[in-house]
Every structure is written in C-alpha cells, then in structure tokens.
Amino acid sequence: QVRLVESGGGLVQAGGSLRLSCAASGLVFSTYGMGWFRQAPGKEREFVAAARWGGGSTEYADSVKGRFTVSRDNAKNTMYLQMNSLKPGDTAVYYCAADHYGMGSRLPGPYDYWGQGTQVTVSS
C-alpha cells in the first residue's frame, strides 16, 4: 500500500521559514516524479513545485520561485520543500503527490498518489 505522509507544517510569521517533508512508502520512490501542491480555503488546488524522478530537474510556480526549494533524497524515500521568506499568501494546506510517469507534472491529473496534507499558516 502506497503512503505519502507530509510533516513540518505549522504557524510562522511573515518572513520566516519552514521545511516540509514528504515520506513515501510502498512504491519505488526513485522512479516517481514528486510534486507539491497547496490549497487555500475557497481556492483551487495549485501547483507549487515538482522534482523529476532523478531529482536533477525541478520546476516551480512563479509565485514561489526564488523563495522555495524542492529536493528529494531517494535513499530516504523523502521529498522536501524548503520555504523561505514566507508570506501570508502562502497560507494553505500543502500536499505532496507521486507520479509514476516520473516527470513531476505541474498538473494534478498525472499524479497517482496524494498525501493527507499539512497546514501552513503565515501570520502578518
């Protein structure tokens, strides 16, 4: 059974930092593309960042480029999202997802598995 478990969310002041983790089990992690998405209340789920199966290729939403960094440790079956210079607009539930195509899409459709999410709240 595939499981994705996010952790590291919390409450932080604007300008602060958080690091999210996504621990995967039940799949060959190194072959999967991995993505981070977020959903704020009343809004659609939106793409944040993604890393292809090898980890060498990453993509970011324009809104987080330069502030967030996605990485993965295939030996630990874990993906990370380092979030710096956080803004109140970053407040959302953050989800990780796994894509068996290995590409780490910007779209939610190709992802096969999703975590339960972790809440990130940025106060002004």
Side-chain angles (χ1 to χ4, degrees):
Q1 182 180 359
V2 175
R3 288 192 70 201
L4 302 177
V5 180
E6 302 95 338
S7 62
L11 173 64
V12 64
Q13 288 189 330
S17 298
L18 284 173
R19 187 174 86 150
L20 305 184
S21 298
C22 171
S25 60
L27 50 74
V28 182
F29 181 77
S30 62
T31 68
Y32 276 71
M34 298 296 296
W36 286 102
F37 290 76
R38 66 187 182 187
Q39 188 166 18
K43 294 189 176 181
E44 298 281 321
R45 188 170 298 191
E46 65 173 359
F47 170 76
V48 175
R52 290 192 177 185
W53 63 274
S57 178
T58 57
E59 289 192 68
Y60 297 92
D62 288 345
S63 60
V64 307
K65 201 172 292 183
R67 300 188 297 124
F68 291 10
T69 302
V70 62
S71 61
R72 59 189 297 164
D73 185 337
N74 287 342
K76 295 184 177 180
N77 289 359
T78 302
M79 175 177 66
Y80 304 98
L81 184 69
Q82 178 66 44
M83 306 187 294
N84 298 329
S85 302
L86 283 161
K87 305 175 182 179
D90 295 317
T91 295
V93 177
Y94 284 70
Y95 299 89
C96 68
D99 148 34
H100 79 275
Y101 297 104
M103 303 306 290
S105 173
R106 288 175 169 263
L107 301 175
Y111 289 88
D112 307 278
Y113 306 105
W114 293 82
Q116 292 300 304
T118 185
Q119 175 71 47
V120 171
T121 303
V122 184
S123 63
S124 57

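Note that this is a predicted model, so its numbers are computed, not measured.
- Residues passing the salt bridge (charged side-chain N to carboxylate O under 4.0 Å, His left out) test with Arg106 are Glu59, sequence neighbours excluded.
- Pairing each heavy atom of Ala98 with each of Tyr32, the nearest pair is CB-CD2, 3.7 Å.
- For residues 7-26, the pairs satisfying side-chain hydrogen bond (donor to acceptor under 3.5 Å, both in side chains) are Ser17-Asn84, with sequence neighbours left out.
- With sequence neighbours excluded, no residue satisfies salt bridge (charged side-chain N to carboxylate O under 4.0 Å, His left out) with Lys43.
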Yes or no on side-chain contact (heavy atoms from CB on, under 4.5 Å) for Trp53 and Asp99, after CA distance, side-chain angles and deciding distance? CA-CA 9 Å; Trp53 63 274; Asp99 148 34; over 6 Å; no

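- Residues passing the side-chain hydrogen bond (donor to acceptor under 3.5 Å, both in side chains) test with Thr121, sequence neighbours excluded: Gln119.
- Summarising the geometry, atom CZ belonging to Arg72 is positioned 9.5 Å from atom SG belonging to Cys22; distances are rounded to the nearest 0.5 Å.
- By the criterion of side-chain heavy atoms lying less than 4.5 angstrom apart, applied directly or through intervening Ile, Leu, Val, Met, Phe, Trp or Tyr residues, Tyr94 is not grouped with Phe47; the two fall into different hydrophobic clusters.
- Note on ring orientation: taking the six-membered ring where Trp is involved, the planes of Tyr111 and Phe37 are perpendicular (angle over 60°, cut-offs 30° and 60°).
- What you find for Ala92 and Ala40 is that their closest heavy atoms are CB-N, 3.8 Å.
- A disulfide bond (SG atoms under 2.5 Å apart) check over residues 60-89, counting only residues at least two apart or in different chains, returns nothing.
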For Trp114 and Arg45, what are the C-alpha separation, side-chain angles and deciding distance, and is it a side-chain contact (heavy atoms from CB on, under 4.5 Å)? CA-CA 12 Å; Trp114 293 82; Arg45 188 170 298 191; 3.2 Å; yes

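- Under the 4.5 Å side-chain heavy-atom criterion for grouping Ile, Leu, Val, Met, Phe, Trp and Tyr, Val120 is connected to Val48 within one hydrophobic cluster.
- Residues Leu81 and Ala49 approach most closely at CD1-CB, 4.1 Å, considering heavy atoms.
- How far CZ of Arg3 is from CG of Leu27: 12.0 Å, rounded to the nearest 0.5 Å.
- Linking ILVMFWY side-chain heavy atoms closer than 4.5 Å, directly or via other members, places Phe68 and Met34 in a single hydrophobic cluster.
- Under a hydrophobic-cluster definition in which Ile, Leu, Val, Met, Phe, Trp and Tyr are linked whenever side-chain heavy atoms come within less than 4.5 Å, directly or via other members, Val70 and Leu18 are assigned to the same cluster.
- With sequence neighbours excluded, the residues that form a side-chain hydrogen bond (donor to acceptor under 3.5 Å, both in side chains) with Asp90 are Arg38, Arg67.
- The nearest pair of heavy atoms linking Val93 to Gly117 is CG1-CA, 3.8 Å.
- A distance-only check finds no donor-acceptor pair linking the side chain of Glu6 to the backbone of Leu20 [under 3.5 Å].
- Across Leu4 and Ala24, no two heavy atoms sit closer than the pair CD2-CB, 3.5 Å.
- The backbone N or O of Val122 sits less than 3.5 Å from a side-chain atom of Thr91, completing a donor-acceptor pair.
- Applying the 6.0 Å contact sphere to CD of Gln116 captures no more than 12 heavy atoms from other residues, nucleotides or ligands.
- Between Lys65 and Tyr60, the closest heavy-atom pair is CE-O, 3.8 Å.
- Linking Ile, Leu, Val, Met, Phe, Trp and Tyr whenever their side-chain heavy atoms come within less than 4.5 Å puts Met79 and Val2 in one cluster.
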